[in-house]
Amino acid sequence: MTEVPDRAQVVIVGGGVIGCSTAYHLAKAGVADVLVLEQGRLSGGTTWHAAGLVGPLRASESGTRLVQYSAQLYARLEHETGLATGYRNVGGLVVARSEDRMVTLRRTASNAVAYDLPCRLLAPEEAGELWPPMRVDDLLGALHLPGDGKVNPTDLTQSLAKGARMGGARIVEGVRVTGFAVADGPSGPRVTGVRTDAGDVEAEVVVNCGGMWAHALGRLVGVTVPLHAAEHFYVVTEEVEGVHPDLPVMRDPDGWTYFKEEVGGLVVGGFEPEAKPWKGPDEVPYPFEFQLLDEDWEHFSVLMDEALRRVPALEETGIRKFYNGPESFTPDNQFLLGEAPGLRGYFVGAGFNSVGIASAGGAGRALAEWIVAGEPQDDLVSVDVRRFAPFHNDVDWLRSRVAEVLGLHYAVPWPNREMTSGRDQRRSPLHDRLAEHGAQFGTRMGWERPNVFTTGDRGSSYTWGRPDWLDDCAREQRSCRTDVAVFDQTSFSKYAVSGPGALASLQWICAADVDVAVGRCVYTPWLNHRGTYEADLTVSRTAADEFLVVSSSASTVRDLDWLRRHVGPDTLVDDLTDDFSVLGVMGPASRHLLAGLTDADLSDGGFPFATTRPLDLAGVRIRATRMTYVGEVGWELLVPLAGVERVYDAVRAAGPVVDAGYYAIEALRLEKGYRAFGRELTPDYTPIEAGLVFATALRGSKDFLGRAALEERRRELQHDGPRRRLVSLVAADPDAMLWGGELLLRDREPVGQVTSAAWGATVGAAVGLGYVRAHGQVSSDWLAAAQHTVDLAGTAVPVELTMRAPL
């Protein structure tokens, strides 16, 4: 029987490419006592039958840097370990059949420029010269990405494993993990080891890299790992004329297909619009490490028909092998990385959505850095395991979602795209009323939220241009700016922090000073040890030792985890998110309207900005906070669920109130230059770059988490050097639609990227925020000394950049 050691500092469960990469990078970081446990043999599960595509360009800069590192690692790994990875930098080609796809490619090209990656837009004939077997008469163009490559997944895994062993890691095959040991610690439960069919192993850290089995491994210890397997298909053909080892990887997303060379033939695979879910996460059989599923030519036919259209020679080419290998997909098509909330020392690296080979190098490094440093060292918000809640682990829900998610790989990445499957997980008590008023709903953290109020089927289609709901959204914006609008913001995250140590805990966690009088509200960031953003929220002091924290909808689990990790033992943290609704009553007429529903003094003197207090409104006891995310006089009303319909009906009956949605909030906040966590405020930026030092206590003497790093950053910037700074922008052309992500240019030279954008009704044009970089200080004079444009899908649109917001 296979033997396992009694203990290891870090135990990694799973010997696929992710587990071996994590072990390799931990060893590189000096963590020599690493044990990898694989239930079968290395590279089993999904790794061995992966297509091996390595495309560095991703939708975000952080994602691009992660895969870019992977490619660099794979290129040098053979020299280090002596084991080949099969990596070849052959380049990539993405072709377009439709104008919407060409817009996508032009936007992708501008992203590449923003991230300093080489790329080139090609005419169809030029694409045909790069890829001779391809039919091009139905194409509008293509994008060439010289940095793309391919790799042999099994060889790569073995090379990473050898590198890990060279650094002291131990790898044991044929051992199945059956459970975990957990003990209570000073900051809550902590994993203390693993149980296996070969004995128990004590550990300080456990890393779940179990692939399709990761969900089941998480359930053994109450950790949410939301993923579900789907059948995933490709074929390997006989030799095709014109195919050679350095042929670029070619993707035809309008036909849902990809092609890469293999032994003179082609790997032909894809991501069909509607996937075929496989077994539930708890039903994945064991053993199943090197098995395939039955061939399903009927389901594959939608891909094969498109492949024959793109490569006519396939009509007369034989098939060597049909691969049907299950792969796991997450609810939002992003992988899962990081330390699990509520269980210290338990990390997850799983759910890679068919990009595991490309991501493995960077993901393994990111996990290792997180383990060693105790917190992420880069912006991993979009892949952080804490973005999901326990209700996302429901197997039936996951099964319905995976059928849609796989198909999104090659779908046009429309702005504001909403998932259609697995909806209605969480509803505000006002949902049906808002639906009657024409709400078009989106979803965030399971909540159904009104995006815009419109009539007919407007709001249900997507476009790169002017959307059909824009006039309705503009009406909502104007009502908020000139009269009054009501927003259902029930999805806000809400937490109570209380106890004898509440003030001291929050003074450390909050970068701003929250030692204010009872009844005051403070806008504050939460920073990490690097002085960059972990959250952006408000803290209201409701009693001497009680505080109310209100944050964004998507960050509930992440915020609570951060709080509970950093509060003292005499501090209690409670999640109130599902206990209260929030109504935002905003606009110049909001004071007059609300005054008719309460006896409270709502005047500037009686209820100043940043004041919070309980009051009776329409006969319901609520908490009113004078705070705004739209830049107008207004109140956020925290209302018990049982009373929110009564309050809402009273507000609507008190005057000509307009319902407004989240599209309006986005435009209104950008006209005022208000930042958003996850876009402007991320773990890549400090309040200095974001222009929000005023929202910290840096000028005072209060110590807080991240202060030392922030002070060091400020000292560094006293000397001239490359500098990034957030600025506001307004498009000169009122018809230009910006969505965020566009390249910013200064006198035709790239200087940054738009982080958020929307069409602002008050400004009468697209408005946004974006980071620009300069050799030295970014100042108003520097901005005024040049002409700035955005690359709008290949068209240069003049924009005005300013340090101050447009309104």
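Please read all numbers here as calculations on a predicted model, not as lab measurements. Note that the numbering runs from 1 along the sequence shown for the chain.
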Decide yes or no on side chain to side chain contact (heavy atoms under 4.5 Å, CB included) for Thr686 and Glu689, but give the supporting numbers first.
-> CA-CA 6 Å; Thr686 75; Glu689 289 84 20; 2.4 Å; yes
State, yes or no, whether a side-chain contact exists between [X] and [Y] at a heavy-atom distance under 4.5 Å.
X	Y	value
Tyr674	Val630	no
Tyr771	Thr755	yes
Lys672	Thr628	no
Arg107	Leu792	yes
Leu729	Leu738	yes
Thr490	Arg427	no
Leu638	Phe492	no
Leu583	Leu430	yes

Distance in Å, [X] [atom1] paired with [Y] [atom2], rounded so as to fall on 0.5 Å steps:
X	Y	atom1	atom2	answer
Leu681	Asp536	CG	CG	5.0 Å
Trp635	Thr625	CH2	OG1	11.0 Å
Asp379	Thr532	CG	OG1	8.5 Å
Met419	Asp332	CE	CG	6.5 Å
Ser555	Trp562	OG	CH2	13.0 Å
Glu800	Ser728	CD	OG	10.0 Å

Answer yes or no: does atom [atom1] of [X] have more than 12 heavy-atom neighbours from other residues, nucleotides or ligands under 6.0 Å?
X	atom1	answer
His437	NE2	yes
Gln787	CD	no
Arg621	CZ	yes
Arg417	CZ	yes

Go through the side-chain N and O atoms of [X] and [Y] and say whether any donor and acceptor fall under 3.5 Å apart.
X	Y	value
Ser98	Asp100	no
Asp791	Ser110	no
Arg58	Thr64	no
Ser553	Ser491	yes
Thr682	Asp684	no
Thr789	Arg748	no
Asp559	Ser493	no
Glu476	Ser479	no
Asp659	Tyr648	yes

Centroid-to-centroid, Phe487 to Tyr629, below 6.0 Å?
->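 No; Tyr629 has its ring centre 6.0 Å or more from that of Phe487.
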Give the C-alpha distance, both sets of side-chain angles, the deciding distance and a yes or no for side chain to side chain donor-acceptor pair (under 3.5 Å) between Ser540 and Arg520.
-> CA-CA 6 Å; Ser540 296; Arg520 297 296 293 168; over 6 Å; no
Heavy atoms only: give me the nearest Gln477-Ala761 pair and the separation to one decimal.
->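 Where Gln477 meets Ala761 most closely, the heavy atoms are OE1-N, 2.8 Å.
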Looking only at heavy atoms, which two atoms of Cys521 and Met627 are closest? And how far apart?
-> SG-CE, 3.6 Å
Could you tell me which residues satisfy ring-ring contact (aromatic ring centres under 6.0 Å, His included) with Phe271, sequence neighbours excluded, listed by chain and number?
->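 With neighbours one apart ignored, the set is His232, His409, Tyr410.
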List for me each residue that meets ring-ring contact (aromatic ring centres under 6.0 Å, His included) alongside Trp469, sequence neighbours excluded, and say none if there are none.
-> Tyr663
Are the side chain of Glu636 and the backbone of Val582 linked by a donor-acceptor contact shorter than 3.5 Å?
->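 No.
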Would you mind checking if Arg106 and Glu99 are paired as a salt bridge, meaning a charged N to carboxylate O distance below 4.0 Å?
->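 Salt bridge present between Glu99 and Arg106.
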Go through the steps to decide whether Glu418 and Asn451 satisfy the test side chain to side chain donor-acceptor pair (under 3.5 Å), and finish with yes or no.
-> CA-CA 10 Å; Glu418 298 282 356; Asn451 283 332; 3.2 Å; yes
Criterion salt bridge (Lys or Arg N to Asp or Glu O under 4.0 Å) against Glu680, the qualifying member of Arg669, Arg724, Arg675 = Arg669
Only one of Arg626, Arg478, Arg481 forms a salt bridge (Lys or Arg N to Asp or Glu O under 4.0 Å) with Glu632, so which one is it?
-> Arg481
Asp575 and Thr577: CA distance, side-chain angles, deciding distance, side chain to side chain donor-acceptor pair (under 3.5 Å) verdict | CA-CA 6 Å; Asp575 183 11; Thr577 302; 2.6 Å; yes
Under 30°, 30 to 60°, or over 60°: which ring-plane class applies to Trp782 and His788, parallel, tilted or perpendicular?
->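 Tilted.
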Between Thr104 and Trp464, does a side chain to side chain contact (heavy atoms under 4.5 Å, CB included) hold up when you go through it step by step?
-> CA-CA 9 Å; Thr104 303; Trp464 290 116; 3.4 Å; yes
For Asp468, all residues meeting salt bridge (Lys or Arg N to Asp or Glu O under 4.0 Å), sequence neighbours excluded =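 Salt bridge (Lys or Arg N to Asp or Glu O under 4.0 Å) check on Asp468 returns nothing, list empty.
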